[in-house]
Amino acid sequence: MSPRPFGAFSIPALELAPALLGSILVRSINGTRVAGRIVETEAYPGGDDLGSHSRGGRRTARNGAMFLAGGHAYVYLIYGMHHCFNVVSGRDGEGEAVLIRALEPLEGLDAMRARRGRSGDRDLCRGPGRLAAALEIDRKLDARRLGGQSGLWIECGTAPRKIVTSPRIGLGEVGPWASRRWRWCDAESIHLSRPARIGR
DNA sequence: ACCGAGATTGCG
DNA sequence: GCAATCTCGGTC
């Protein structure tokens, strides 16, 4: 049974974020598959969401990819050190994206370990910066369409039996929005994402 | 032009 | 607890 590509990227970020839980993020590096199951996501709608890079329609050299059509990659550098991978959602020009915050490592564990240096397997892909490093995702992939051409795509997986929601990490109390983070909560991988806690 | 804070991480 | 050090918005 061959894997089906995930395709429903044009829905709003608030719907895409939970829908992505359980699907498989795949990176092809020189023909080698490195992949993991998505277990933690955050929605970043644009518009009046003060926590979003695209708030108020702000458009810069860094966040331009956010305004592409759903199904593109938005990769940015944070703290001058780490890359964060987002799946652009919605329609062209809307400026919505879903941040992928954690994976359960499934394939290419040796390649992940090699890129992550000294790290326990549990921490290989736990955190946005860590999974970007493990899958060799950086600014070169920014604004690329997800798919075989870019060597980065998403395959349909298994829906979690249980999902928990909580506020986004690191934003504090931003406006009237409380729960915009989703975590796969089944027993076998609950420990692979960040526990619920209000940032800062 | 300068400065502080940020969707983070690893080391002390 | 803090340094690493890019990007951007606010302020001077």
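Comparing the same atom, P, in dA1(B) and in dT5(C) gives a spacing of 24 Å after rounding to whole Å. Between dT7(C) and dG10(B), the distance separating the two C1' atoms is 22 Å to the nearest Å.
Here Val164(A) sits alone; no ILVMFWY side chain lies under 4.5 Å from its own, so it joins no hydrophobic cluster. Residues Ile24(A), Leu106(A), Trp153(A) make up the rest of the hydrophobic cluster containing Val26(A), defined by ILVMFWY side-chain heavy atoms closer than 4.5 Å, directly or through other members.
Taking the side chain to side chain donor-acceptor pair (under 3.5 Å) definition, one finds that Arg113(A) meets it with Asp110(A), Asp121(A), sequence neighbours left out. Listed by chain and number, the residues in a salt bridge (Lys or Arg N to Asp or Glu O under 4.0 Å) with Glu40(A) are Arg101(A), Arg181(A) (sequence neighbours excluded).
Within residues 100-111 of chain A, no residue has any heavy atom closer than 4.0 Å to DNA chain C. Contacts between residues 37-47 of chain A and DNA chain C, counted as heavy-atom distances below 4.0 Å, involve no residue at all. Against DNA chain C, the stretch residues 14-23 of chain A makes no heavy-atom approach under 4.0 Å. Taking a 4.0 Å limit (strictly below) on heavy-atom distances, residues 131-142 of chain A does not reach DNA chain C anywhere. Sorted by residue number, the members of residues 71-90 of chain A with any non-hydrogen atom under 4.0 Å from DNA chain C read Leu77(A), Tyr79(A), Gly80(A), Met81(A).
Between Cys84(A) and Leu99(A), the closest side-chain pair of non-hydrogen atoms falls below 4.5 Å. No side-chain heavy atom of Leu103(A) sits under 4.5 Å from any side-chain heavy atom of Val39(A). The shortest side-chain heavy-atom distance between Met112(A) and Leu135(A) falls under the 4.5 Å cut-off.
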Test salt bridge (charged side-chain N to carboxylate O under 4.0 Å, His left out) applied to Glu136(A) and Arg115(A), step by step
CA-CA 8 Å; Glu136(A) 205 171 311; Arg115(A) 292 202 54 79; 3.3 Å; yes
Please lay out, stage by stage, how Arg180(A) and Asp49(A) fare under the test salt bridge (charged side-chain N to carboxylate O under 4.0 Å, His left out).
CA-CA 11 Å; Arg180(A) 288 195 169 174; Asp49(A) 176 7; 3.0 Å; yes
Phe6(A)/Ser23(A) under side chain to side chain contact (heavy atoms under 4.5 Å, CB included): CA gap, chis, key distance, verdict
CA-CA 8 Å; Phe6(A) 187 100; Ser23(A) 59; 4.2 Å; yes
Candidate pair Glu42(A) and Arg194(A), rule salt bridge (charged side-chain N to carboxylate O under 4.0 Å, His left out), full reasoning
CA-CA 12 Å; Glu42(A) 277 181 357; Arg194(A) 186 158 163 171; over 6 Å; no
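Distance CZ (Arg62(A)) to P (dA5(B)): 16 Å, rounded to an integer number of Å. Rounded to an integer number of Å, the gap from Leu171(A) CG to dA7(B) P is 5 Å. Distance CZ (Arg58(A)) to P (dA7(B)): 13 Å, rounded to an integer number of Å. In this structure, CZ of Arg194(A) is placed 6 Å from P of dT8(B), rounded to the nearest angstrom. Between the CZ atom of Arg118(A) and the C1' atom of dT9(B) there is a distance of 13 Å, given to the nearest Å.
Between the side chain of Ser28(A) and the backbone N or O of Gly151(A), no donor-acceptor pair lies under 3.5 Å. Asp123(A) contributes no side-chain N or O that, together with a main-chain N or O of Gly120(A), makes up a donor-acceptor pair within less than 3.5 Å. A side-chain donor-acceptor contact under 3.5 Å links Asn63(A) to the backbone of Arg58(A).
Minimum interatomic distance between Ala134(A) and Leu124(A) (heavy atoms only, all atoms of both residues): CB-O, 3.7 Å. Pro45(A) approaches Ser52(A) most closely through the heavy-atom pair O-CB, 3.0 Å.
Identified under the salt bridge (Lys or Arg N to Asp or Glu O under 4.0 Å) test for residues 78-99 of chain A, with sequence neighbours left out: none.
First and last contacting nucleotides of DNA chain C toward chain A (any atom under 4.0 angstrom from a heavy atom, 5' to 3' order): dA4(C) to dG10(C).
Geometrically, Arg168(A) engages Tyr44(A) in a cation-pi contact defined by less than 6.0 Å to the ring centre and at most 45° from the axis.
Ion pair Asp48(A)/Arg55(A) not flagged as a salt bridge, since none of the NZ, NE, NH1 or NH2 atoms sits closer than 4.0 Å to an Asp/Glu carboxylate oxygen. By the 4.0 Å N-to-carboxylate-O rule, Glu155(A) lies too far from Arg37(A) to be salt-bridged with it.
Stem regions annotated for DNA chain B: B:1-6 with C:6-11, B:8-11 with C:1-4, counting only runs of 3 or more consecutive pairs of Watson-Crick or G-U type with both contacts under 3.5 Å.
A ring-centre distance under 6.0 Å is not found for His83(A) and Tyr76(A).
A sub-4.0 Å separation between OP1 or OP2 of dT9(B) and a side-chain N or O of Arg116(A) is absent.
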